Structures are given as C-alpha cells and as structure tokens.
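Inspection log for the structure reproduced underneath, given as structure tokens.
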Amino acid sequence: MARLSNYLLPTEKEAPADAEAVSHKLMVRAGLVRQMGTGMWTWLPAGWRVHQRAVAIIREEMDAIGAQEMLMPVLQPAEPWRKTGRLEIEELFKLHDRKGSELVLAMTHEEAVTYHIAQTVRSYRDLPLIVYHVQVKERDEPRPRAGVLRTREFVMKDSYSFDRDQDGLQQSYELHVGAYDRIMQRTGLRFYRVESDVGMMGGLGAHEYMAPCAAGEDQIAIAPGYAANLEVALRNADVRQAGDGYELAGQQLTIEPAIEIGNIFKLGTRYSEPLGARYLDENGSDLPVWMGSYGIGPARIVAAAVEQFADERGISWPAALAPFAVHLVGIGRAGTPERDAAEGLYATLSEGGVEVLYDDRDAGPGEKFADAELLGAPLRLTVGPRSLESGEIEVQVRRGLADAPPLALGGEPQQLLRAVDELWQSLP
RNA sequence: CGGGGAGUGGCGCAGUCUGGUAGCGCACCCGGCUGGGGGCCGGGCGGUCGCAGGUUCAAAUCCUGUCUCCCCGACCA
C-alpha cells in the first residue's frame, strides 16, 4: 500500500503558531494539509485520501437515489448571474478575460445547472431529474478561518432536483433527506439535522446537517426530539426563557456550537423563472420547473471528524474516513529478523487488500508511535524484537488507545487477514 | 468592514527599545552509538531578517509607504 519512508507525510511536533482550532492544528501537524494563502489550502496525499473517502460515501448515496453525476465549470460567463440577480453578491469572484468579457468564478452552481436544464428539458416527460457534481467552489469570504473549516476555495458536492410541481419537489427533497441522513451516519460523525433559516435563498424550507464541536461557527438548539438552528429555535413560539437558558415544552434546550456540514433547500422557481427553465405539461401549458439544491462539504466532514474524536495524542479517525486502516510500525533496523517479520506482514496485508501504511523508516520507536497516534489510523500493529519472542503482533486500537488481543505472527495469511477484518468490523 | 496581533532558514522562537552586516531548539545531511515511547555524541548544509523607498560611515534594528498572515466581531449561497 504505502511505505512511510517514501510517502509525503510531513508531520510536525508543533502546531502552526497562529492556529486556534483543533482541526487546524492537527491536520497541519499530521501532514494532511498545508496552507498557501488565506483560505487557500492544499491537500497532501494522506489528507486527500480522507477527503476522497468522504466523497466516495457521498457519491454512493447520491447514486443510490438516482442522482446522475456530471461536471460543470467553475469559470463561467457573468450573464446568467446577472439574470438571477446574484452578480451583485460580494462573495462572488468576478474577473475579465483578455477580450474584456465578464466572467465569474462560481460560488455554487444553480445558474449553470439551470441554464442547461432550460436548454435540455422541454417536457414533463423529462422530469423529475436529479443531477450532481463534485466540484470546486470559489468564494471571496470576508474572513476565512480555522484551517480547512472556512476557506475561499473548497470542494462541494452539490446536487439539484428538477420537478414539475411542488409535490414533486417535496419528493426529491425527501430523497435527499434520506441520502444525507445515510451519508452522515456512514461517516461516523455525531450530527443533527436541524431546521434552518431559508435566508436569502428564499424558498420553501431548508435543513442543515450540523456536526457539534468546539470549533463550530453556528449554534444549534437541541432537546429530546427537537433540533434547530438557534435563530430558528428562538423564533419558535413554544420556546421560552428558563433561568439562564431556554426550554421547549418543559424540556431544557441545550445550545451547542456546530459545524455546518451540509444543507438542503427547496428553491421553488427562484432560478427557473429568471433563467427560463420551463416545460410543457400534458395539457400543453408552459410551466416553470420546481427546483431544490443540496450541498455537502467533504472538507468539513473531515475537519469535523478531527474535531469530534481527537485526543491529546492526535487524530482518531472513524473507520469510514481513515486514510489507512492499519498503521504498521516496524521496530528495529532494516535487515534485522524483526524487520524482516514486519516486511512479511506488510506484504501479507497489502496483498490481502488491507489499506496499510508501513512505517519502515530508520527511526526510533518513540517517534514512530507518536506519528502513528498523530495520524490516527484506527488500528496500529507493531512488530519488533518482542514479537519474535512471543510470536505475536501487537494490536492497538486508536480510539481510546486500547490494546487489543495480539495476532499470531507468521501464521496462515488468510487467517491473519480474517482476524484483521474481524477487528476492523468491531471499530467505531 | 471594525478591533487586536504578527511577518527573522522547513517548523517554533530570540535579537528590534539602547543601529555595528544574524542566533537558539526541532527538522535536514554525514559519521558513530542506541534501538519498545519523539534517545545520545561529533561534524555539517541552509536565512540578508515580507517588499519598496528613506535616514546613516553602517539598518533585522530608526522613518515612510506597501504587501501578507492570524485572532475576535460583523458577515456567512
């Protein structure tokens, strides 16, 4: 799979001096990301593996509700944005090409997708439709912050639903609720789906998927059977002040900071009207398409996972997001029997399809253990001189830093792989 | 956009007040030792001090301008 001796994983003992958020510090220290400028980040190999894990989960669940993947450009003509009135948004990057034509860098893709749907959808027979892409977004944020949490450029999965009427939109919306619930569950994050403010998108309803953690920029209000954006909760007539806090129907409301991971909107005809996305129904009536838009940020899933599960030693990935399943530490100099044993185990795991990062560096055990715990792979296997004496591979579960029963060294490969898989299945 | 802070080797910092041409720890390279929790010894490489201009015999240090980055707030399809 990968050998640490030639893998680009620049770990640091110390966090960047100006970093504040846990995810900012740890993602830099663990060699997952590096900054290029304010709100501009590079994903290094291990970090990108985690990001791609999140994307893979999202893609599977989108495909499962019949959404069709495509790709739209980031660089776009300004005209559609003028038509929807969004050219005036300050966060929108605007530029000109050499001929002086007005262009924008898309902050999201309603204009693009609606432009295409307006051209291609003519009949009620073409609906409903859900399309999506995983593409970069550009936003001239007034204040990027907290590492990868709020950036000026980031990857987003955005999907768009097109229906003939409001009932259809409601169905597409519910499909997305299902998909998003499954996505969030699969990531292993602690999360809430909350009612949100429809904001300046207008529209008919919206929810946000929020992951509670200290670095969160938003506040959510939680009570048994209830979860909402704080502003929404405070507008709820049933919510009342109680001492220092608030309560709903006699239940204490807990206020927690959280990261917005995803959001889903019922747009209605906000974009189809100005961009002319219309269809003919059975009666020959010319009607606007009803739209929904649905976004989710893989980078925020990654950062939230770091925030929620990190401990004093470093990152502790949920199994579904980990860059590597197994971090194999080989102790001892290259060429010694113990290292030969580690090499053998590495070969067995790699050939068995286990995603393993093998620390084959000429470094001391302390440094290797520290890096393993910083990077946070769910399982750490250790092979050293002691393994040769005992005939055992030591196993540490990263979450909780707990020792698991050792595995047999030098046994049947299939048996070892089965044992590793069993262990893997038991992880959070 | 308002407020605060900071730019000195890859990272973390000292030096700036009291100008005299750059230092420490980590990392990195070489040699040796060590080998189960960031180990030890010795020898090295690497920066002209964000940028521009000015003052001065002399500027990391003083002056002016400018760029960049971070934090708090406002904002946040």
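In what follows, chains are A, B, ... by sequence order, proteins preceding strands, each numbered from 1. In this text the structure is predicted, and so the values were computed from the model without any measurement.
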Span that lies between the [atom1] atom of [M] and that of [N], in whole angstrom:
N: B:rC51; M: B:rC69; atom1: P; answer: 16 Å
N: B:rG54; M: B:rU61; atom1: C1'; answer: 15 Å
N: B:rG19; M: B:rC24; atom1: P; answer: 24 Å
N: B:rG46; M: B:rA52; atom1: C1'; answer: 26 Å

Of the listed nucleotides ([options]), which one gets closest to any side-chain atom of [X]?
X: A:D18; options: B:rC69, B:rG10, B:rG25; result: B:rC69
X: A:K13; options: B:rC69, B:rC26, B:rC71; result: B:rC26
X: A:E14; options: B:rA77, B:rG12, B:rG37; result: B:rG12
X: A:R143; options: B:rG73, B:rG37, B:rA77; result: B:rG73

With a 4.0 Å cut-off on heavy atoms, is [X] in touch with a base, just the backbone sugar-phosphate, or nothing at all?
X: A:R339; answer: nothing
X: A:A370; answer: base
X: A:D140; answer: nothing
X: A:A146; answer: sugar-phosphate
X: A:T84; answer: nothing
X: A:A19; answer: nothing
X: A:P16; answer: sugar-phosphate

Taking atom types as they are modelled, is there a donor-acceptor pair under 3.5 Å from the base of [N] to the side chain of [X]?
X: A:E12; N: B:rG10; value: no
X: A:R139; N: B:rC76; value: no
X: A:D371; N: B:rG38; value: yes

Between [N] atom [atom2] and [X] atom [atom1], what is the distance in whole Å?
X: A:E20; N: B:rC70; atom1: CD; atom2: P; value: 12 Å
X: A:R150; N: B:rA77; atom1: CZ; atom2: C1'; value: 11 Å
X: A:M210; N: B:rC76; atom1: CE; atom2: C1'; value: 12 Å
X: A:M291; N: B:rA77; atom1: CE; atom2: P; value: 17 Å
X: A:R145; N: B:rC71; atom1: CZ; atom2: P; value: 8 Å
X: A:M156; N: B:rC76; atom1: CE; atom2: P; value: 16 Å
X: A:Q219; N: B:rG73; atom1: CD; atom2: P; value: 10 Å
X: A:F369; N: B:rG38; atom1: CZ; atom2: C1'; value: 12 Å

For a 4.5 angstrom cut-off between non-hydrogen side-chain atoms, does A:L149 reach A:H24?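 Side chain of A:L149 against side chain of A:H24, heavy atoms only: no contact under 4.5 Å found.
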So A:Y180 and A:Y209, would you call those rings parallel, tilted or perpendicular, with 30° and 60° as cut-offs?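 Tilted: the ring planes of A:Y180 and A:Y209 meet at 30° to 60°.
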Could you label the plane-to-plane angle of the A:Y173 and A:H207 rings as parallel, tilted or perpendicular, counting under 30° as parallel and over 60° as perpendicular?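 Ring orientation of A:Y173 relative to A:H207: tilted.
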Please state whether the phosphate of B:rC70, meaning OP1 or OP2, lies under 4.0 angstrom from any side-chain nitrogen or oxygen of A:T38.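 Yes, A:T38 has a side-chain N/O under 4.0 Å of OP1/OP2 on B:rC70.
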Report the residue from A:R398, A:R380, A:K368 that forms a salt bridge (Lys or Arg N to Asp or Glu O under 4.0 Å) with A:E373.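 Considering A:R398, A:R380, A:K368, a salt bridge (Lys or Arg N to Asp or Glu O under 4.0 Å) with A:E373 is found only for A:R380.
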Audit row: A:R399, A:S316, side-chain hydrogen bond (donor to acceptor under 3.5 Å, both in side chains) steps and yes/no: CA-CA 6 Å; A:R399 189 69 54 86; A:S316 172; 2.7 Å; yes
Using purine N1 to pyrimidine N3 plus N6-O4 or O6-N4 for Watson-Crick, or N1-O2 and O6-N3 for G-U wobble, both under 3.5 Å, which nucleotide pairs with [N]?
N: B:rC69; value: B:rG5
N: B:rC33; value: B:rG39
N: B:rG47; value: none
N: B:rC13; value: B:rG23

First encountered from the 5' end of RNA chain B, between A:Q35 and A:G366: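 This one resolves to A:G366.
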Need to verify one output field. Residue with the more 5' nearest nucleotide on RNA chain B, A:M36 or A:R380?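 Closer to the 5' end of RNA chain B: A:R380.
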Please report whether the ring centroid of A:Y7 lies less than 6.0 Å from that of A:F324.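 They qualify: ring centres under 6.0 Å apart.
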Whether over 12 other heavy atoms sit under 6.0 Å from A:E69 CD: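 Yes, enclosed.
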